[in-house]
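Just so it is clear: chains get the letters A, B, ... in the order the sequence lines come, proteins before strands, and each one is counted from 1.
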There are 2 protein chains.
Amino acid sequence: MFKDSKLRTILKTISWRITATTTTVIIVYLFTGQIQTAIEVGLMEMVAKMLIYYFHERFWDNLKFGKIEVPSMVIWITGIPFAGKTTLGDMLAKEFEKDQRKFQRLDSHTVRALFPNVGFSKNEVNSHIKRVGHLASILEKNGIVAIASFVSPYCESRDFVRNLCTNFIEVHLESTPEFAKQFDDKGFFEKAFKGEIEDVPGVTADYEKSEMAELTFDMQKTTLEKVKKEVMKYVKEKY
Amino acid sequence: MFKDSKLRTILKTISWRITATTTTVIIVYLFTGQIQTAIEVGLMEMVAKMLIYYFHERFWDNLKFGKIEVPSMVIWITGIPFAGKTTLGDMLAKEFEKDQRKFQRLDSHTVRALFPNVGFSKNEVNSHIKRVGHLASILEKNGIVAIASFVSPYCESRDFVRNLCTNFIEVHLESTPEFAKQFDDKGFFEKAFKGEIEDVPGVTADYEKSEMAELTFDMQKTTLEKVKKEVMKYVKEKY
């Protein structure tokens with residue numbers, strides 16, 4: 001919850017007083033033709049009204065009426081490893097920050113780091129994604145934009161999350177292991193190609209493409225900068 | 001995020017104008033001794049300033065400066081089944097609602113219903129509690145008061161959650177199966193006493209009392225109404 005600080009109220013009081021007293025002095029001068037009276041009235045008004053205005057502001061800050069919550073949403077970025085999910089999530093977060101919106105980044109790397117025992121079997125991945133989705137939906141209900149970037153390779157858990165949320169935007173960054181490999185500084189795909197690691201979505205494990213994704217981008221034909229713009233355009237049109 | 005609605009700004013404009021123009025009329029009368037001039041100035045001021053004030057308000061509503069977030073917290077209610085956790089959580093939620101605070105109830109019944117496959121082994125319970133705690137800590141970081149009621153019988157996971165959070169209040173409702181039984185409309189304890197069900201904390205499974213709990217109440221010697229007051233007193237003193 002946000003409350004106005006006293007300093008904010010004081011600065012707002014001064015900002016208003018300059019605007020308002022200038023108007024008063026002009027009005028009194030127009031009616032009386034006397035510049036001295038106009039200025040005297042202005043000075044007295046300045047002192048009296050700053051005090052009254054300050055308390056009027058504090059009173060209204062405590063009134064809930066008419067403070068409306070801006071609609072929130074869940075932006076769910078999915079795709080094979082190194083498709084650009086985390087980078088896109090961070091780019092979108094910056095846009096929301098510029099708009100002074102509350103947001104929460106949810107990312108495979110940070111969430112998994114907290115829960116090191118989560119495995120990579122289909123069942124474990126699905127439960128993991130469902131739980132993160134539950135978190136995202138609760139954030140959404142509380143007015144916070146959730147920006148999640150997870151491989152989330154199975155339709156089942158992505159659709160479970162969609163059903164929990166009100167405004168759900170699935171953004172699929174479509175890529176191929178051959179293309180994504182160029183961003184892979186860890187030799188992750190090389191090892192998968194050789195069969196040295198299992199459970200790599202797109203190589204040694206499934207990635208199920210969703211027919212329901214609100215936005216799909218072919219990463220071989222576009223750039224993350226363009227994708228970011230498209231997503232923000234969609235967000236602003238819909239919400 | 002909250003924004004002022006246009007209706008709020010209009011009502012606030014009128015409320016201020018009545019206050020302010022009355023002051024102006026009095027000031028002009030004091031300086032000129034002419035009641036007619038005072039009223040004419042007042043009327044002109046009313047029209048001109050309502051317009052200016054409205055736009056001044058809209059401008060400030062878009063400024064982030066000085067909008068301060070009220071500190072948030074996680075209230076974690078723990079105890080054996082039927083100790084009164086859910087009821088207390090709901091009672092606390094009502095208090096926060098009265099204070100116009102944003103809060104989120106997290107409850108074993110609703111969260112577990114979403115994840116039916118979570119078991120009751122020590123490992124599974126600990127992971128479940130850690131995940132709910134992660135959710136609570138993210139809510140707290142975003143200014144939402146999390147009110148969680150879970151048996152959460154193990155110190156390990158409760159302390160994990162404490163470390164994730166900034167303002168963590170562990171409320172332990174201390175009870176005994178013999179005493180809690182009277183609130184048990186499902187014959188849960190009877191079955192546990194007979195050894196028919198396993199994993200019942202306090203009977204056929206552990207409940208580890210924490211030495212770190214911020215607040216502990218002996219439910220055999222107090223009432224939930226008194227507990228609620230004590231918790232709210234603690235909250236208001238600390239945050």
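- Looking at B:Ser15, both its backbone and its side chain come within 4.5 Å of chain A, counting heavy atoms on both sides.
- Using modelled atom types, no side-chain atom of A:Lys49 and backbone atom of B:Thr23 make a donor-acceptor pair closer than 3.5 Å.
- Under a 3.5 Å cut-off, the side chain of A:Lys102 and the backbone N or O of B:Asn142 do form a donor-acceptor pair.
- The shortest side-chain heavy-atom distance between B:Leu106 and A:Ile138 falls under the 4.5 Å cut-off.
- Surrounding CD of B:Glu124 are more than 12 heavy atoms belonging to other residues, nucleotides or ligands, all under 6.0 Å away.
- Counting heavy atoms of neighbouring residues, nucleotides and ligands inside a 6.0 Å radius, atom OH of B:Tyr29 does not exceed 12 of them.
- B:Thr19 and A:His56 form no side-chain donor-acceptor contact under 3.5 Å, judged by distance and modelled atom types alone.
- Looking at A:Asn62, the atoms closer than 4.5 Å to chain B (heavy atoms on both sides) all sit in the backbone: N, CA, C or O.
- Taking the six-membered ring where tryptophan is involved, the planes of B:Tyr53 and A:Trp16 are perpendicular, since the angle between them exceeds 60° and thus also 30°.
- For chain B, the nearby part of A:Phe103 is the backbone; its heavy atoms alone come within less than 4.5 Å.
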A:Leu139 and B:Ile144: CA distance, side-chain angles, deciding distance, side chain to side chain contact (heavy atoms under 4.5 Å, CB included) verdict: CA-CA 9 Å; A:Leu139 290 169; B:Ile144 294 145; 5.5 Å; no

Starting from the C-alpha separation in whole Å, work towards a yes-or-no answer on side chain to side chain contact (heavy atoms under 4.5 Å, CB included) for B:His128 and A:Arg131. CA-CA 10 Å; B:His128 182 63; A:Arg131 283 173 173 284; 3.2 Å; yes

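- With values rounded to the nearest 0.5 angstrom, A:Phe31 atom CZ is found 12.0 Å from B:Gln34 atom CD.
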